[in-house]
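Values reported hereafter were calculated over all heavy atoms of this structure, with side chains retained and with hydrogens, waters and symmetry mates removed. Chain letters run A, B, ... following the sequence lines, proteins first, then strands; residues in each count from 1.
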Protein chains: 2
Amino acid sequence: MSSEASPEERGYHHGDLRRSLVAAALQLVEEQGLEAVSVREVARRVGVSPGAPFRHFENRTALLTAVAEEAQDRLLQAVEDSRRQQASNDPLEVFHAIGDGFLRWAFANPAHFLVVSTRSVIDYDSPGLRERNDGLRATMRQWMEQAAAQGRLKPGDIDRYVLGLRGLVYGLARMHIDGQFASWGRPPQHALEDSLAVLDQFMLAIQASPGSPASSPP
Amino acid sequence: MSSEASPEERGYHHGDLRRSLVAAALQLVEEQGLEAVSVREVARRVGVSPGAPFRHFENRTALLTAVAEEAQDRLLQAVEDSRRQQASNDPLEVFHAIGDGFLRWAFANPAHFLVVSTRSVIDYDSPGLRERNDGLRATMRQWMEQAAAQGRLKPGDIDRYVLGLRGLVYGLARMHIDGQFASWGRPPQHALEDSLAVLDQFMLAIQASPGSPASSPP
DNA sequence: ACCTGAACACCGTTCAAGT
DNA sequence: ACCTGAACACCGTTCAAGT
């Protein structure tokens, strides 16, 4: 089966315009950035009339939300891969691998990261996005709890550590796509490297120094 | 002098259309959000023709950049005020006050924070914005250096602590305006409170535990 | 059941012409 | 010197009409 042609020589259009639209939008984001994604341009790329997409998406936001769900899946996949590659079972090292994967993906796919992290353009309340987010959050909390149970953390609220590290990697990634590394002394090419080092240092900072009281001694 | 009328009964328009446009845009952002700011709508509010703003701003981006500079001034003012209110000279407490002021302003002025932190809509390379940013960064580094000099920090790179804390507050503020606190267990009304607590906990985490080796012992 | 194509009310931006 | 107002090429979205 050719991936282009379809039933009936494509009478009107092939079977799955919806999927084609999302794919085209995803590619357009990647090639030209978020601003370049107009419903009309996506329709043009797929070869349908300007009104056709509205048979599948209520509005531009709904289309971009579908794009964001796809991008979010890729992000989660990258995080998952990074976690898997971390051979150790040390909860803090696993947690670190998650942050590491997040940063690397965000820096490697700035346009897609922009889509998943920009309200105003997507519907954050979509159940799809919500679920995906909740999953990652639960995973992070789990490993952090385990670290605490092993007495590895400085005293402090676990949720605050999780939220803080989430905010940290999110903030570094956003600073990058928002072009805010330029004024940060080091050249932007080192932004990923710097961000990884920052994550590292903060993961170290929250750990109990040997011999000091920990969050939850065994 | 009335603040509305002007020279010659306002022949075409008053003396400073440029300033009026920025003021109107700033208010529009506040009232209706960033998406609502179109050049035409701003012109309408000020009572001039659609083309008039282009005599003062090259394009929409230039107008929004001027808005961002104004908003950034307010942010820096808030940070400055917060720092001043911190009576103590303890460098870490001063640094904390800076982060605190940043968070409070961002949460109280989400639309304005969005403008100063959204590339794609403003020109980040504008000298105005760059200078303002550099100033804050230099201040933060200074206080952190002082903390290190007093042996108050855990061993680690100073710039990484500064960048990390910047990324942290930036990330928390962005998570808020991006609507990402909703899925975080606690209700969004507590987002500021939670963020302040997180900052607090991380400021504690980077401090040398008494009796442990510090970054730069006295 | 799904798509077309014209239509409407918006944009950003340009530029002659007015004062 | 500064603004108007018409114009152009775009949008998002709707909806009758086509197949």
Side-chain angles (χ1 to χ4, degrees), chain A residues 4-25 28-29 31-68 115 118-123 126, chain B residues 4-25 28-29 31-68 115 118-123 126:
Chain A
E4 282 292 357
S6 274
E8 293 0 6
E9 285 275 310
R10 133 177 347 176
Y12 262 106
H13 198 269
H14 40 72
D16 205 347
L17 177 54
R18 189 191 156 92
R19 183 153 29 231
S20 306
L21 290 167
V22 174
L28 190 53
V29 162
E31 288 172 18
Q32 321 224 37
L34 184 51
E35 310 94 89
V37 183
S38 71
V39 176
R40 291 179 102 108
E41 176 60 23
V42 171
R44 240 175 264 127
R45 289 203 165 200
V46 168
V48 294
S49 73
F54 293 92
R55 199 73 24 187
H56 298 273
F57 298 99
E58 209 182 335
N59 47 39
R60 185 182 119 110
T61 297
L63 169 58
L64 283 171
T65 301
V67 172
V115 176
T118 302
R119 189 193 215 172
S120 83
V121 118
I122 63 178
D123 179 11
S126 96
Chain B
E4 282 292 358
S6 272
E8 294 359 6
E9 285 274 308
R10 137 185 334 181
Y12 262 106
H13 198 270
H14 39 72
D16 205 347
L17 177 54
R18 188 192 156 93
R19 180 148 38 224
S20 306
L21 290 168
V22 174
L28 190 52
V29 162
E31 287 172 18
Q32 320 224 38
L34 184 51
E35 310 94 90
V37 182
S38 71
V39 176
R40 291 179 101 107
E41 175 60 22
V42 172
R44 239 175 265 127
R45 290 204 163 199
V46 168
V48 294
S49 73
F54 293 94
R55 199 75 21 189
H56 298 272
F57 298 99
E58 208 182 335
N59 48 38
R60 185 181 120 109
T61 296
L63 170 57
L64 283 171
T65 301
V67 171
V115 176
T118 301
R119 188 193 216 171
S120 85
V121 118
I122 64 176
D123 179 12
S126 96

#### Entry: Whole angstrom value for the distance that separates P of C:dT13 from CD of B:Glu58
9 Å
### Query
For the side chain of B:Ala52, counting heavy atoms from C-beta on, which of D:dC3, D:dG5, C:dG5 is nearest?
D:dC3
### Task
Report the nucleotide, chosen from C:dG5, D:dT13, C:dT13, that has the shortest atom-to-atom distance to any side-chain atom of A:Asn59.
D:dT13
### Query
What about B:Arg40, does its side chain sit under 3.5 Å from the base of C:dT13 through a donor-acceptor pair?
yes
### Task
Answer yes or no: is there a side-chain heavy-atom contact under 4.5 Å between A:Thr61 and A:Val121?
no
### Message
Once you apply a heavy-atom cut-off of 4.0 Å, does A:Arg60 come out as touching a base, just sugar-phosphate, or nothing?
### Response
sugar-phosphate
### Task
Report the distance from atom CD of A:Glu35 to atom P of D:dG12, rounded to the nearest whole Å.
13 Å
### Task
Supply the atom-to-atom distance A:Arg45 CZ to A:Ser20 OG, rounded to the nearest 0.5 angstrom.
13.5 Å
### Message
Distance check needed: C:dT4 C1' versus A:Arg44 CZ, whole Å only.
### Response
15 Å
## Note on the structure
With the side chain defined as heavy atoms from C-beta on, A:Ser38 is closest, among C:dG12, D:dT13, D:dG12, to D:dG12
### Message
Heavy-atom nearest nucleotide on DNA chain C for A:Gly51 versus B:Thr61: which residue maps closer to 5'?
### Response
A:Gly51
### Task
Indicate yes or no: at least one non-hydrogen side-chain atom of B:Leu34 is less than 4.5 angstrom from one of B:Leu64.
yes
### Query
Of all the nucleotides listed (C:dT13, D:dC3, C:dC3), which has the minimum atom distance to the side chain of B:Arg55?
D:dC3
#### Entry: Rounded distance in Å - CG (A:Leu34) to P (D:dC11)
15 Å
### Query
The side chain of A:Val48 lies closest to which of these nucleotides: D:dT4, D:dG12, C:dT4?
C:dT4
### Query
Tell me: CG of B:Leu64 to P of C:dG12, nearest whole Å?
9 Å
### Query
Do you know the tightest heavy-atom contact between A:Ala43 and A:Pro53?
CB-CG, 3.8 Å
### Query
Does D:dT4 have a Watson-Crick or wobble mate here (both distances under 3.5 Å), and if so which one?
C:dA16
### Message
Given C:dC11, D:dT13, C:dT4, identify the nucleotide with an atom nearest to the side chain of A:Ser49.
### Response
C:dT4
### Query
Looking at the side chain of A:Val39, which of C:dC3, C:dT13, D:dG12 is the nearest nucleotide?
D:dG12
#### Entry: Rounded distance (Å) that lies between atom C1' of D:dG12 and atom CG of A:Leu63
12 Å
### Task
Please tell me if the side chains of B:Phe57 and B:Val39 come closer than 4.5 Å, counting only heavy atoms from C-beta onward.
no
### Query
Could you give the CZ-to-C1' distance, from B:Phe54 to C:dA16, as a whole number of Å?
17 Å
### Task
For the pair A:Ile122 and A:Thr118, evaluate side chain to side chain contact (heavy atoms under 4.5 Å, CB included) and give the outcome as yes or no after the intermediate values.
CA-CA 7 Å; A:Ile122 63 178; A:Thr118 302; 6.0 Å; no
### Message
Could you tell me how far apart B:Asp16 (CG) and D:dC2 (P) are, to the nearest whole angstrom?
### Response
11 Å
### Query
Using purine N1 to pyrimidine N3 plus N6-O4 or O6-N4 for Watson-Crick, or N1-O2 and O6-N3 for G-U wobble, each under 3.5 Å, what pairs with D:dA9?
none
### Query
When you check the phosphate oxygens OP1 and OP2 of C:dC2, does a side-chain N or O of A:His56 lie under 4.0 Å from one of them?
no
